[in-house]
Amino acid sequence: MKKKSILYILAGMAMVAISCNDFLDVNTNPNQPTSATPETVLANALNVTAGRLVHHEIGAFWVGQWSPSGSVSGFVPEKTYDIQTTFRTGIWTSPYNNLTDYQYVEQQALAQGKKSIAGMARVMKAFNYQILVDAYGNVPYSDALKGTVSIRPKYDDGKAVYDSLIRDLNVAITYLSEPISTENASAGSSDIYFGGNTAKWLKFAKTLKLRMLVRIQDAPGMQTLVATEMAKYTGDHTEFMTGTDDVKSNPGYLKTAGKENQWYETYGFQPTDSRAGNHDFYCWSDFFITSLEDLADPRLPLLAYQNGGAYVGVPFGEGSDTYLYSKISGFGPAFLPTDGGGGTVGASKLYKRSMVVMTAAESFFLQAEAVEAGLLTSDLSSQELFEAGIKASFDLTASQMDVATDLTTEYEDYIASGNEYADWNSSPNKLEAIIIQKWIALANHNGFEAWSEWRRTGIPDVPLSTRAQGSQQPIRFLYPLSEYSNNTENAQAQGTINQFTSKIFWVQ
């Protein structure tokens, strides 16, 4: 008998999946599952989603934002693109574990009449499933999360999953539109993103749906769905996330092991103010630094530190002593202080900065592209939306500094600079300008999404790794070995998967 997949069994048992660095400690003993309220499980699930960094990290590598420094060996598969079924399997397992929690929340919330909480869970299920489809293509969906009823779930076509996710978001929007009442209670503080504010969740849901619709706009056979769903928007840009609507997670970070902001604790400093083990291993790529310098981008001093009076990135693939961390530009003051105690930027509070899940800048850039392509009607022009996206990125970057920073003047000069990627009126290719600015705005916030956009558009012109085996860059991940072992028939039915040629349905 084949070994049963724990992933899908847990779903059917409605157990709460707890990560190894769980902040909220829902269960004290994972071997003795208890009945938890949907609110308690929701808080944990939202925290796990926000703190899941592995897919963002590899996306940042392959989209030309990040590079390993010369202070770390390894990263051979990332640099050579020679990936196997054992490569970064958390990109598969983590979303499914997280989905188990959201499935439990939705079911329990609906049973208790708490549609607003069920709506939040359904939004987050769509959020997780989109990552899975964008990474792997066909995935278990309709047959997944059923526990012992379906321990070896069949795979659904990626197109069909996207179609279902968009419809799922429509249901979530209906749930979230229900007035809060005695029965339909607010999630309150259990909602560590918006504090139970369903109006903000509605904007998040509609923006997430817009992301999906823009992603599939040119995919074969998806145009009718895109047109139908785009027509449901009102034309008011404020129904989407705007400048103050970044989706941020904050369960109340503390300067305690396992309870700091996950990005800070992973890439920055431990609660003792000593460097995290990964601190010296990750940095900006030479391509990213050079791109911002070519733009004379005023965000650069906030995103990166100078080294020897210059900004020094690492060509992706390199790893020699020339690029030791001490010789290159680390992540700048908007993300890390110079040392754990604050260094030159004062007593740092960055350990308790909120984790960003989705940005208002991305929302504006999605709207700008959709309006420019004639897919969406808006009360703002594509130029106004493009410039609002840049402004939202500037504002978010400035807001993350320990010391109050105002980039208003720099922003105004930037959008009138004459640069084709920053000044709308000087841009011969509006789509390219939108995607370039989205690529910059997503840096350190969502490397995976930036990589997905590169796979869709080919923008920017990301250089090959200097250690690439061949002349192609990966366009997907391989199914993990666990699927071939535990769900053999369904995994093998997907055929021979190649990271260079087996396209996700929307990849051009």
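FYI, side chains are in, hydrogens and waters are out, and symmetry mates aren't considered; it's all heavy atoms of this structure.
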*Begin from the C-alpha positions of L302 and L407 and carry the test side-chain contact (heavy atoms from CB on, under 4.5 Å) through to its verdict.*
CA-CA 11 Å; L302 280 65; L407 296 178; 4.0 Å; yes
_For F281 and Y267, I'd like to know if the aromatic rings sit close, meaning centre-to-centre distance below 6.0 Å._
no
*In Å, rounded to the nearest 0.5 Å, how long is the span from OG of S249 to CD of Q262?*
6.5 Å
*asked:* Would the distance check show the side chain of D191 and the main-chain N or O of A43 forming a donor-acceptor pair, the cut-off being under 3.5 Å?
replied: no
*Distance-minimising heavy-atom pair for L295 and Y421*: CD2-CB, 3.7 Å
*Could you walk me through whether T238 and D236 pass the side-chain hydrogen bond (donor to acceptor under 3.5 Å, both in side chains) test, one step at a time?*
CA-CA 5 Å; T238 62; D236 181 350; 2.7 Å; yes
*Any donor and acceptor pair, going by atom type alone, linking the side chain of Q508 with main-chain N or O of W506 inside 3.5 Å?*
yes
*Does V161 offer a backbone N or O that forms a donor-acceptor pair with the side chain of D156 under 3.5 Å?*
no
*Identify the two heavy atoms, one from K209 and one from I166, that lie closest to each other, and give their separation to 0.1 Å.*
CD-CG2, 3.8 Å
*Under the salt bridge (Lys or Arg N to Asp or Glu O under 4.0 Å) criterion, do D134 and R215 qualify, and how do the steps go?*
CA-CA 10 Å; D134 289 353; R215 179 71 39 81; 2.7 Å; yes
*Examine distances only and state if a side-chain atom of S150 and a backbone atom of D143 form a donor-acceptor pair shorter than 3.5 Å.*
yes
_Carboxylate-amine/guanidinium contact K159 D163, below 4.0 Å_ = no
*Keeping the roles fixed (side chain from Y325, backbone from V72), state whether a donor-acceptor pair exists under 3.5 Å.*
no
*Least distance between heavy atoms, P95 atom then G90 atom*: CD-O, 3.5 Å
*Between the main-chain N or O of P460 and the side-chain N or O of W454, is there a donor-acceptor pair closer than 3.5 Å?*
yes
*At what distance, to the nearest 0.5 angstrom, does CD1 of I435 lie from CZ of R456?*
5.0 Å
*Atom of D246, atom of A360 and distance for their closest heavy-atom approach*: OD1-N, 2.7 Å
_So does V54 get a backbone contact from the side chain of E57, meaning a donor-acceptor N/O pair under 3.5 Å?_
no
*Nearest 0.5 Å please: distance from the CG atom of N261 over to the CG atom of L350.*
8.5 Å
*asked:* Can you tell me how the ring of W92 sits relative to the ring of Y479, calling it parallel under 30°, perpendicular over 60° and tilted otherwise?
replied: perpendicular
*Between Y155, Y162, Y129, which is the residue that forms a ring-ring contact (aromatic ring centres under 6.0 Å, His included) with Y141?*
Y129
*asked:* Closer than 4.0 angstrom, basic N to acidic O: yes or no for K438 and E362?
replied: no
*Please step through salt bridge (Lys or Arg N to Asp or Glu O under 4.0 Å) for the pair K203 and E239, ending with a clear verdict.*
CA-CA 6 Å; K203 291 188 175 190; E239 74 174 313; over 6 Å; no
*Considering the options Y305, W66, Y282, which one meets the ring-ring contact (aromatic ring centres under 6.0 Å, His included) requirement together with F331?*
W66
*asked:* For the aromatic rings, using the six-membered ring if either is Trp, is the centroid distance between F127 and Y102 under 6.0 Å?
replied: no
*Pair R88-E78, salt bridge (Lys or Arg N to Asp or Glu O under 4.0 Å): steps then yes or no*: CA-CA 10 Å; R88 298 209 177 229; E78 290 86 347; 2.8 Å; yes
*Is the backbone of T224 close enough, under 3.5 Å, to the side chain of T228 for a donor and an acceptor to pair up by distance?*
yes
_Residue of the set M358, M124, K248, K200 for which side chain to side chain contact (heavy atoms under 4.5 Å, CB included) holds with Y193_ = M124
*asked:* Would you say that E449 contacts E453 through its side chain, given a criterion of any heavy-atom pair below 4.5 Å between the two side chains?
replied: yes
*With the side chain counted from C-beta on, respond yes when L375 and Q367 share a heavy-atom pair under 4.5 Å apart, and no when they do not.*
no
*So, do V76 and D82 sit near enough that their side-chain heavy atoms are less than 4.5 Å apart?*
no
*Flag side-chain contact, heavy atom, 4.5 Å: L385 against V371*: yes
*Between atom CG of L202 and atom CE of M241, what is the distance when rounded to the nearest 0.5 Å?*
13.0 Å
*List the steps and the verdict of salt bridge (Lys or Arg N to Asp or Glu O under 4.0 Å) for E369 and K430.*
CA-CA 8 Å; E369 179 178 349; K430 309 303 186 187; over 6 Å; no
*CZ/F316 to CD/Q473 distance, rounded to the nearest 0.5 angstrom?*
9.5 Å
*For residues W284 and N444, determine if any side-chain heavy atom of one lies less than 4.5 Å from a side-chain heavy atom of the other.*
yes
*asked:* Can you give me the closest heavy-atom contact between L478 and T85, atom names plus distance?
replied: CD1-N, 4.1 Å
*Can any side-chain N or O of R476 pair as donor or acceptor with the backbone N or O of Y136 at less than 3.5 Å?*
yes
*asked:* Taking K79's backbone N and O only, do any of them form a donor-acceptor pair with S465's side chain (distance below 3.5 Å, no angle check)?
replied: yes
_Separation of N250 CG from N47 CG (nearest 0.5 Å)_ = 9.0 Å
*Test ring-ring contact (aromatic ring centres under 6.0 Å, His included) applied to H445 and W439, F335, W263, the passing residue*: F335
*Do T266 and N278 touch side chain to side chain, with heavy atoms closer than 4.5 Å?*
yes
*Any chance CG of D461 has more than 12 other-residue heavy atoms, nucleotides or ligands included, within less than 6.0 Å?*
no
*Which heavy-atom pair separates L366 from T207 by the least distance, and what is that distance?*
CD1-O, 4.2 Å
